[in-house]
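Written below as structure tokens is the structure these notes are about.
In this text the structure is predicted, and so the values were computed from the model without any measurement.
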Amino acid sequence: MINSLVFPRPSEAFKFASTRFDGSRKSKYSKPRMELTLTQPDDWHLHLRDGDLLQAVAPHSAKHFGRAIIMPNLKPPITTTAAAVTYRESILKALPADSNFTPLMTLYLTDKTSPNEIKLARRSGVVFAVKLYPAGATTNSQDGVTDLFGKCLPVLEEMVEESMPLLVHGEVTDPDVDVFDREKVFIDTVLQPLIQRLPRLKVVMEHITTMDAVRFVESGEEGFLAATVTPQHLILNRNALFQGGLQPHNYCLPVLKRETHRQAIVSAVTSGSKRFFLGTDSAPHEKQRKECSCGCAGIFNAPVALSLYAKVFEEAGALDKLEAFTSFNGPEFYGLPRNTAKIKLTKASWKIPDSLSFSFGNIIPMFAGETLEWQPCVGEKAEMLNEVQEVGANKG
């Protein structure tokens with residue numbers, strides 16, 4: 001739902017929330033301000049790490065999202081249901097006391113995964129998908145799959161029986177394939193044959209980056225083939241890696257692509273198609289691990305993701321389709337209910353911190369130091385906006 005907020009004069013607003021309004025800037029509250037009310041979104045692709053990093057970043061995702069599919073590429077990887085249950089407990093302990101955030105766990109597929117493990121995962125009630133990492137494709141993927149159509153086939157067949165989705169990092173790892181072509185080659189040589197062989201397997205092509213992926217997802221059967229899309233692949237193209245010098249905080253995998261690919265992805269997600277849904281791929285690393293001679297891939301976007309998605313949909317003239325992308329399409333694909341809570345995004349400028357400091361070091365958020373135009377409000381802040389909206393309506 002899209003509303004225009006007409007804020008009361010500062011003297012009236014102070015009665016309700018004195019910490020929000022600055023009486024010295026009266027003109028700021030004389031203009032209508034756009035507000036979006038959304039069903040609370042979910043993040044269908046999230047890296048929370050473990051240890052101190054988990055403690056640092058988990059509250060940022062829990063602040064805005066109701067649930068998240070948690071990626072299993074830890075050291076060691078989460079390859080069993082028992083390990084997923086233990087990891088889930090660690091995540092819950094890292095959350096603020098008043099948080100209702102629900103982690104949806106995944107298993108890391110290997111050549112040694114058994115069909116029985118899929119049965120255990122489905123019956124656990126906490127594991128919702130299995131992640132396919134081609135060995136060597138991305139961070140902590142060295143234990144990934146090397147023989148998908150051989151050793152893993154019985155597992156995939158069991159996933160069909162259990163209606164367990166396969167989440168795919170869609171890149172080949174052949175060093176002879178150009179890094180910018182690895183998604184397309186993966187589609188042609190792995191995904192297409194996989195779906196032809198197992199048409200009832202539910203597949204999510206994660207963090208798509210090319211028009212080839214868009215076309216492939218659109219060509220599949222709705223409800224069995226879908227894709228997550230990140231804010232970085234909607235907003236940045238590969239020039240962002242090099243403008244003004246090498247930009248390590250814009251480096252992620254799959255790597256950013258040409259502008260034509262970015263435009264194709266924007267068109268797909270803002271079209272209203274149910275096949276695409278929110279997946280931030282927020283992937284934090286300490287600053288020193290990004291700014292070094294061999295920097296890690298991953299962008300920490302959890303604090304800014306909703307603001308950036310709103311920016312994309314607004315610029316495409318498709319704000320009316322934002323809620324389906326953020327809050328409806330993902331639950332429908334996974335067979336889960338929509339969240340009942342609401343979140344508000346207000347058209348209000350706010351500055352992203354230059355860095356986030358913790359006892360172990362700093363994390364640089366996406367677009368650090370820049371200003372965004374959509375600000376999420378949850379909890380007490382959202383209630384405050386409701387009160388202000390009612391006052392403005394009554395005064396009108």
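By the 6.0 Å contact criterion, CZ on R122 is enclosed, its count of non-hydrogen atoms from other residues, nucleotides or ligands being greater than 12. Within a 6.0 Å sphere centred on CZ of R289, heavy atoms belonging to other residues, nucleotides or ligands number 12 at most.
For H249 (side chain) and M366 (main-chain N/O), no donor-acceptor pair under 3.5 Å exists by modelled atom type. Looking only at distances, no side-chain donor or acceptor of S61 sits under 3.5 Å from a matching main-chain atom of A58. The backbone N or O of G144 lies less than 3.5 Å from a partner atom in the side chain of Y108, making a donor-acceptor pair. Not a single donor-acceptor pair under 3.5 Å links the side chain of R338 to the backbone N or O of P331. With W374 contributing its side chain and T346 its backbone, the two residues share no donor-acceptor pair below 3.5 Å. For R67 (side chain) and L104 (main-chain N/O), no donor-acceptor pair under 3.5 Å exists by modelled atom type. Remark: the backbone N or O of N239 is paired with a side-chain donor or acceptor of N237 at under 3.5 angstrom. Counting only distance, with no hydrogens or angles, the side chain of R275 and the backbone of G220 share a donor-acceptor pair below 3.5 Å. No side-chain donor-acceptor contact under 3.5 Å links R197 to the backbone of P193.
The aromatic rings of F313 and F325 are tilted relative to each other, their planes meeting at an angle between 30° and 60°.
F328 and L278 fall into different hydrophobic clusters, defined by Ile, Leu, Val, Met, Phe, Trp and Tyr side-chain heavy atoms under 4.5 Å apart, directly or through other members. Criterion: ILVMFWY side-chain heavy atoms under 4.5 Å apart, direct or through other members. Under it, L48 and I364 are not part of a common hydrophobic cluster. Hydrophobic clustering (side-chain heavy atoms under 4.5 Å, transitive across Ile, Leu, Val, Met, Phe, Trp, Tyr) keeps M105 apart from L120. Taken together through direct or relayed side-chain contacts under 4.5 Å among Ile, Leu, Val, Met, Phe, Trp and Tyr, L132 and V185 form part of one hydrophobic cluster. Under a hydrophobic-cluster definition in which Ile, Leu, Val, Met, Phe, Trp and Tyr are linked whenever side-chain heavy atoms come within less than 4.5 Å, directly or via other members, V190 and V160 are assigned to the same cluster.
A side-chain hydrogen bond (donor to acceptor under 3.5 Å, both in side chains) with D281 is found for exactly one of H169, H45, H233, namely H45. When each of H261, K257, R258 is paired with T209, the side-chain hydrogen bond (donor to acceptor under 3.5 Å, both in side chains) condition holds for K257 and for no other.
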Begin with the C-alpha distance, continue with both residues' side-chain angles, and end with the deciding distance and a verdict on side chain to side chain donor-acceptor pair (under 3.5 Å) for T280 and D43. CA-CA 6 Å; T280 66; D43 186 348; 2.5 Å; yes
Give the C-alpha distance, both sets of side-chain angles, the deciding distance and a yes or no for salt bridge (charged side-chain N to carboxylate O under 4.0 Å, His left out) between K311 and E315. CA-CA 6 Å; K311 169 184 169 68; E315 291 178 353; 2.8 Å; yes
Would you check, one step at a time, whether the test salt bridge (charged side-chain N to carboxylate O under 4.0 Å, His left out) holds for E218 with R215? CA-CA 5 Å; E218 290 176 338; R215 291 168 181 162; over 6 Å; no
Determine whether E162 and R123 satisfy the following criterion, salt bridge (charged side-chain N to carboxylate O under 4.0 Å, His left out), listing intermediate values before the conclusion. CA-CA 9 Å; E162 298 290 346; R123 286 153 182 70; 3.2 Å; yes
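Between M71 and L167 there is a side-chain heavy-atom pair separated by less than 4.5 Å. Between D212 and E183, every side-chain heavy-atom pair lies at or beyond the 4.5 Å cut-off. Taking 4.5 Å as the limit, some side-chain heavy atom of E206 sits within range of a side-chain heavy atom of K131. Taking the side chain as every heavy atom from C-beta outward, Y309 and V269 never approach each other to under 4.5 Å. Side-chain contact between Q232 and N301: present, with at least one pair of heavy atoms (C-beta onward) separated by less than 4.5 Å. The side-chain heavy atoms of K202 and M159, taken from C-beta on, include no pair separated by under 4.5 Å. R200 places a side-chain heavy atom less than 4.5 Å from the side chain of E221. Considering only heavy atoms from C-beta on, L306 comes within 4.5 Å of I343 through its side chain.
Residues L107 and A84 approach most closely at CD2-CB, 4.1 Å, considering heavy atoms. Counting all heavy atoms, side chain and backbone alike, A302 lies closest to H60 at CB-CB, 4.2 Å. For the residue pair A310 and L319, the shortest heavy atom distance occurs at O-CD2, 3.8 Å.
Atom CD1 of I352 sits about 3.5 Å away from atom CG of L372, to the nearest 0.5 Å. Rounding to the nearest 0.5 Å gives a distance of 9.5 Å between NE2 of H64 and CD of Q40.
Shown here are the ring pair (Phe, Tyr, Trp, His ring centres under 6.0 Å) partners of F180, two or more places apart in sequence or in another chain: there are none.
Aromatic ring centres of F128 and Y334: separated by at least 6.0 Å.
In the model, T80 has no side-chain atom that pairs as donor or acceptor with a side-chain atom of E117 under 3.5 Å. Side chains of S307 and Q375: no donor on one and acceptor on the other come within 3.5 Å.
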